[in-house]
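Lettering follows sequence order; numbering is per chain, from 1.
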4 protein chains.
Amino acid sequence: MSKLRVAVLGAKGRIGSEAARAVEAADDMELVAAVGRGDKLEALVESGAQVAVELTTPASVMGNLDFCVRHGIHAVVGTTGWTGERLAELGTSLAASPGTGVLIAPNFSIGAVLTMKFSQMAARMFESVEIVELHHPGKADAPSGTATRTAQLVAEARAAAGLGDQPDATRTALEGARGADVDGVPVHSVRLRGLLAHQEVILGGEGETLTIRHDSLHHSSFMPGVLLGVRRVASVPGLTYGLEHFLDLS
Amino acid sequence: MSKLRVAVLGAKGRIGSEAARAVEAADDMELVAAVGRGDKLEALVESGAQVAVELTTPASVMGNLDFCVRHGIHAVVGTTGWTGERLAELGTSLAASPGTGVLIAPNFSIGAVLTMKFSQMAARMFESVEIVELHHPGKADAPSGTATRTAQLVAEARAAAGLGDQPDATRTALEGARGADVDGVPVHSVRLRGLLAHQEVILGGEGETLTIRHDSLHHSSFMPGVLLGVRRVASVPGLTYGLEHFLDLS
Amino acid sequence: MSKLRVAVLGAKGRIGSEAARAVEAADDMELVAAVGRGDKLEALVESGAQVAVELTTPASVMGNLDFCVRHGIHAVVGTTGWTGERLAELGTSLAASPGTGVLIAPNFSIGAVLTMKFSQMAARMFESVEIVELHHPGKADAPSGTATRTAQLVAEARAAAGLGDQPDATRTALEGARGADVDGVPVHSVRLRGLLAHQEVILGGEGETLTIRHDSLHHSSFMPGVLLGVRRVASVPGLTYGLEHFLDLS
Amino acid sequence: MSKLRVAVLGAKGRIGSEAARAVEAADDMELVAAVGRGDKLEALVESGAQVAVELTTPASVMGNLDFCVRHGIHAVVGTTGWTGERLAELGTSLAASPGTGVLIAPNFSIGAVLTMKFSQMAARMFESVEIVELHHPGKADAPSGTATRTAQLVAEARAAAGLGDQPDATRTALEGARGADVDGVPVHSVRLRGLLAHQEVILGGEGETLTIRHDSLHHSSFMPGVLLGVRRVASVPGLTYGLEHFLDLS
């Protein structure tokens, strides 16, 4: 069987270089181009790349994807900074190249994606739900983007099921004790030396709790999701947002 | 709106009496009969029961269900001891009463059912998976039935996805250290004063782990699942095995 | 060997009646008086009680202890509401009865006391420490008294060791995300149906974390600490504040 | 203040090179010699090293320590393979150099050492105790040396307190389900992709559990313990076995 011809854009960055190594290590793929800052995009065409892994910056990603789509090269995108406007613009260029697929994923960790999905599925069956996310102390924002997104999905599922406010008899509280309120879901952010990235969603009902916890111990946890995206993107034309749509979860 | 007329069989037992109280406490239900050992089944008909909750013993359950099905009373069954033969026999009597529904659930805890379901869904996406179940020291069997069933479901999902043996370089091991082998999934049983019933499924891939944990702190955790079964069983004619089929999980 | 003669004050309350049962069940104790609201304290003297377990209310406790101390009856006290003034007053009455011992414990759970003690011991060896406490949703205050006390002890240990602020690069935070600040130690309070009382102290250093977690699944968890207090209080004259002093921890 | 002059033996190995970097990064230390296989030990004397960090192999360690002790160079030793005989031999050579200190530590992770210490302290106060240790799937032995040692310490503490067998009503068990038996303490070994080195000691009593968990997410977790040893070894002449003796825990 011939191998999938893969290019990496942003190949000199930390995540990009890890992605290049992961592609090289995969039995069913061939790394045909590793494009870094200053390199020409023509390398994608010359190398016959079928799929491009886009791990650059918000400033570069639109131009890079425009090039890929015009040349019928599928793309798996980890670069951030997506707005409704940008997604619409990308959708327009994809409409002109109907066989091409682009996967944009805010998170390539399969564990993180499943944590969100399972929390969303379970939310309507429990009276209470809170999120504790724990990260290294160098992180600039609290809560994490993943925790905020999880809380929003959980809140939507509760609303759709007609669940009201969570039970909470707190009358006296120190400021901050009950966490941040994200659409009615309390989110608590721990910042601790020795941690990397962890998230725990705790759901509670009469006499029982269900806890879904994701521990990311190394940045390499993104790679299985990237490779899964590379393998499937060609068979899903158009724009897909979120790795969960490639996981056949239902 | 008229309330659902519910009977409890086994109403003098520990779980049965809790179920009777839960039915009474539910806004949309009315407890019309609480039948204990020695009471006549005719009470079900006389009271106009629409759904019976069956929480007796393996010795009584077949007769009780036969009576219910013949009288078109739907049933939600928590009694254990189901074999293929018994299920077939029940299927035959249900065939003669096509509008009647029976739900048999080995576990009514929603948290336990979701733990199994999510573990099964996630299994094919991770290289490794092990189960740690923890119970009070009075438990007679190890592993628990729920843990064994979870391991089997996980093993089936791995096999269906073409996953091979789990990575394990162990060369020297004390007997028992690596747990019980249930179809290739290691299961570890902890028995500890102060615990009730807990289960943790740990899945691991490159650089990350996903943990799904269920803690049952009180036997009342079964009641939301029983009530959910009572509400839905009338709309699902025939035999349903497992509460997960009533949870609209996919 | 003769049994220890024990009285329970507040024996009609929920905790008091449990304490009475625990005393009765102990091989080395005899329950000689169970005094409830309205009963006369003289019963303590008439019954020859050697130790009184005081589980009443802040309104009654001072009078009860004054009676006990004057009659040379040792006391184990779980009633709350202690101020510096009250402790001083009790100290004065104890000075006049030098052989009598009184143990006041804000928490009789051995697990809770050890969690505090171990957190305090470990605090100076880790750069980071945060506390997550989780309780049932009926709790009125956040954080819990135990969590606040633990945070204070940890903060004192850090200060004594010359540790400065914890590392934390957070620049953008939703209000409440980083928890309540108790003397520089972030404390996060989760309130969830299905829980009783739980506390987790997470300490982090270069490449590692140490977590000390206490789970109280039933109010009976107070009883071993009460019985331990009863057995030892006679041999420790004067006022002791905190069960940890009876645990021979160092 | 003048800096402590430190040498690293085994400086070309993975742990040794990390130790050399940690020494260089410490404000109060100077790396004066980094000795690898084939290098001469005389470098220790010529560089004026006050403390040597010994991270070589069982084959080299005795010769290296003999050299250090004869030259009055204190040593902090992470190399394994210590037997009673070897310790006695080292004790003899130390007797001839009474001002010199040697610290041998089977584990330099402060979290691991505290986990052992706290488990040992708590053991006599709980009816039940079990250990779950979790490691990457490349580990060759099960249980880990740390878990075995922890179990032995816990068993000794239980025996000293007169505690008998742990409560366990198990009548039917799959082989291995209840773990390995280390002096009466069940130890369960999980091997999972995505993990590094983790250990959980769970203690249980009436209505409560206490869990002490250590997570090592990176080999760098050994370094704070090594540096602490380097700072203190000169003030503790003779042989010290175990980092816990340098932690002022009681």
Distance in Å, B:M121 CE paired with A:L247 CG, rounded so as to fall on 0.5 Å steps =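 If I round to the nearest 0.5 Å, the distance is 9.0 Å.
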
(message) Can you tell me how far apart CD1 (B:I202) and CG (A:D215) are? Round to the nearest 0.5 Å.
(response)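 Spacing of CD1 (B:I202) from CG (A:D215) equals 9.5 Å.
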
Q) For A:E208 and B:S109, what are the C-alpha separation, side-chain angles and deciding distance, and is it a side chain to side chain donor-acceptor pair (under 3.5 Å)? A) CA-CA 8 Å; A:E208 66 175 348; B:S109 150; 2.5 Å; yes

Interface residues of [range] facing chain B - heavy atom cut-off under 4.5 Å:
{"range": "residues 125-140 of chain A", "answer": "A:M125, A:F126"}
{"range": "residues 219-231 of chain A", "answer": "A:S220, A:S221, A:P224"}
{"range": "residues 4-22 of chain A", "answer": "none"}

Practice task
Please look at A:A197 and chain B and tell me whether the side chain, the backbone, both or neither of the residue comes under 4.5 angstrom of a heavy atom of that chain.
Solution key: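 Contact with chain B: none, neither part.
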
**Request:** Measure A:L114 against the heavy atoms of chain B and call it side chain, backbone, both or neither at under 4.5 Å.
**Result:**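 The answer is the side chain of A:L114.
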
Run the side chain to side chain donor-acceptor pair (under 3.5 Å) test against A:T56 and tell me which residues pass, sequence neighbours left out.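 Listed in chain order: A:E54.
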
- Task: Would you indicate whether the side-chain heavy atoms of A:I212 and B:L210 approach each other to under 4.5 Å?
- Result: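 Yes; the side chains approach each other to less than 4.5 Å.
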
**Check against side-chain contact (heavy atoms from CB on, under 4.5 Å), B:K117 and A:F118** = CA-CA 10 Å; B:K117 178 71 182 177; A:F118 293 161; over 6 Å; no

Leading residue by heavy atom contact count with chain A [cutoff under 4.5 Å; candidates B:E200, B:R124, B:R213] |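 Between B:E200, B:R124, B:R213, the count favours B:R213.
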
Please walk me through it: do A:T211 and B:T211 pass side-chain contact (heavy atoms from CB on, under 4.5 Å)?
CA-CA 8 Å; A:T211 304; B:T211 304; over 6 Å; no

